[in-house]
Protein chains: 2
Amino acid sequence: MLTSKEKIIIAALNQFSRKGLFATRIQDIATEAGISQGLLYRYYKSKNEIYVDLIEDALDKMNEAVEGIASLNCGGREKLLNSIEGMYKTIEESDRYRQTSSLIAQAMGSEAIPQEAKDALKNKRDLPYQMFSKIIVQGQKEGTIIEGDSYDLAVLFWSTLNGLTIFRNTRDEKRPLPDKRFIANIFLKEKI
Amino acid sequence: MLTSKEKIIIAALNQFSRKGLFATRIQDIATEAGISQGLLYRYYKSKNEIYVDLIEDALDKMNEAVEGIASLNCGGREKLLNSIEGMYKTIEESDRYRQTSSLIAQAMGSEAIPQEAKDALKNKRDLPYQMFSKIIVQGQKEGTIIEGDSYDLAVLFWSTLNGLTIFRNTRDEKRPLPDKRFIANIFLKEKI
DNA sequence: GTCTATATCCAGATAGAC
DNA sequence: GTCTATCTGGATATAGAC
């Protein structure tokens, strides 16, 4: 059985991810959580507070996942392939990831979000690029990944996966994503 | 000298692209346009009406640009390179494109936008994929573009460019985008 | 802990003067 | 055409009963 607070979190994530902070009413969250509007204020001081909590949590989860892959004890090429594999699985199967990625995408695209949410984004959004840049450098040293500025390649990697995530999130028909090898071959010296 | 209506359009596009439909107040638009709130209603019946106008216009502009490239009288390989060149120029230089792409990205990510805006999106968002798919097929027949499902490759192409556009739009420091050749080589048989 | 009722505020939209 | 003043509705947040 879920506590009221847990029900609020789950409902708020779903509502915010679908409609954004400003189009979501407190009433929407309360209704989906199956509680009254008043009760919500036992657990949170304001709508913004829920939102900031969710944004911080989403960014932390994202960074933990990336750190998990980067800290594997294997070659850069394997880390790359592993990242693509993991991201594809997550994008295609996880409803929770659809929600958190939509939440972050919307937050990044709006200047009107609360200052605390902006701060969290600013502090936490760069880690994936840095981690992946290190993976690229490792692979370049090992001779398995193409030459080029490692941060540029990291930007390209995440931009491509973000773009595919958004494409997937915004279509009803769940068409399979393009073959993983197309992504891998952007970076690999020896194509697969 | 701009008419009041033109000033409203320009201000609304800027406000909506930065804050989204729901966080933007009529007052924000009127202030930026340098007119009173009341005057705005001489030209538009509601905030939603301005928004729907802008969305439809943004989608039309996007599709016109794509059709322009696809109808060039040249090989598929050249159309591909031309598309990348054109998109890079637009992403890096055009403030207007930053606004329209943000507007569309936000609209795609929210279920709360007006029905007319949803309809416009649904009807007009697929054309770029279809056009690019044809370019891919042409290049495959000519032997210049790699094998694979042409619509999948079109999805990959636009997802990558959308991802890069969003990356660019959400960073203050205007770091140059990754080398165009990385994108081209995803699709070209003979790498450059 | 939970609900209902309500106070307060603010944004969208309208009316009417100039 | 343009502005100021106002109406109205709805959403956030609070108060108070159970």
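Numbered from 1 within each chain, the chains take letters A, B, ... in sequence-line order. FYI, side chains are in, hydrogens and waters are out, and symmetry mates aren't considered; it's all heavy atoms of this structure. All values derive from a computational prediction rather than experimental measurement.
The distance from atom CG of B:L40 to atom P of C:dA11 is 15 Å, rounded to the nearest whole Å. Rounded to whole angstrom, the span from the CD1 atom of A:I26 across to the P atom of C:dC3 amounts to 15 Å. Per the geometry, OH belonging to B:Y44 stands 16 Å off P belonging to C:dT14, to the nearest Å. For A:K7 and C:dT2, the NZ to P distance is 7 Å, given to the nearest whole Å. Atom pair B:I8:CD1 and D:dC3:P shows a separation of 10 Å (rounding to whole Å applied). Going from atom CD1 of A:I35 over to atom C1' of C:dT4 covers 14 Å, rounded to whole Å. Counting to the nearest Å, the C1' atom of D:dA13 and the CG atom of A:N48 are 13 Å from each other. Straight-line distance from the OH atom of B:Y51 to the P atom of C:dG12: 15 Å, rounded to whole Å.
Of all nucleotides listed (C:dA13, D:dG16, D:dA13), D:dG16 comes nearest to the side chain of A:R42. Ranking C:dA13, D:dC3, D:dA13 by closeness to the A:K47 side chain, first place goes to D:dA13. Distances from the side chain of A:L39 to the nucleotides C:dG1, C:dT4, C:dG12 place C:dG1 closest.
At the phosphate of C:dT2, OP1 or OP2 sits under 4.0 Å from a side-chain N or O atom of A:Y43. Side-chain nitrogen and oxygen atoms of A:S4 include none within less than 4.0 Å of the OP1 or OP2 phosphate oxygen of C:dG1. Remark: B:Y41 is not in phosphate contact with C:dA15, judged by side-chain N or O atoms under 4.0 Å from OP1 or OP2. At the phosphate of D:dA11, OP1 or OP2 sits under 4.0 Å from a side-chain N or O atom of A:R25.
Figure legend: cation-pi geometry between B:K5 and B:Y44, with NZ or CZ positioned under 6.0 Å from the six-membered ring centre and within 45° of its axis. A cation-pi arrangement is absent between B:K61 and B:Y97 under the rule of less than 6.0 angstrom and at most 45 degrees off the ring axis. Judged by the 6.0 Å distance and 45° axis criteria, A:R171 is positioned over the aromatic ring of B:Y129.
A donor-acceptor pair is defined here as one N or O able to donate and one able to accept, closer than 3.5 Å; such a pair exists between the side chain of A:R168 and the backbone of A:R175.
Contact annotation for A:T24: backbone-only contact, meaning every heavy-atom pair under 4.0 Å involves sugar-phosphate atoms and none involves a base.
Between B:R96 and B:D57, at least one side-chain nitrogen of the basic residue sits less than 4.0 Å from a carboxylate oxygen of the acidic one, meeting the salt-bridge criterion.
Comparing A:Q27 and B:Q37 against DNA chain D, the residue whose closest nucleotide sits nearer the 5' end is B:Q37.
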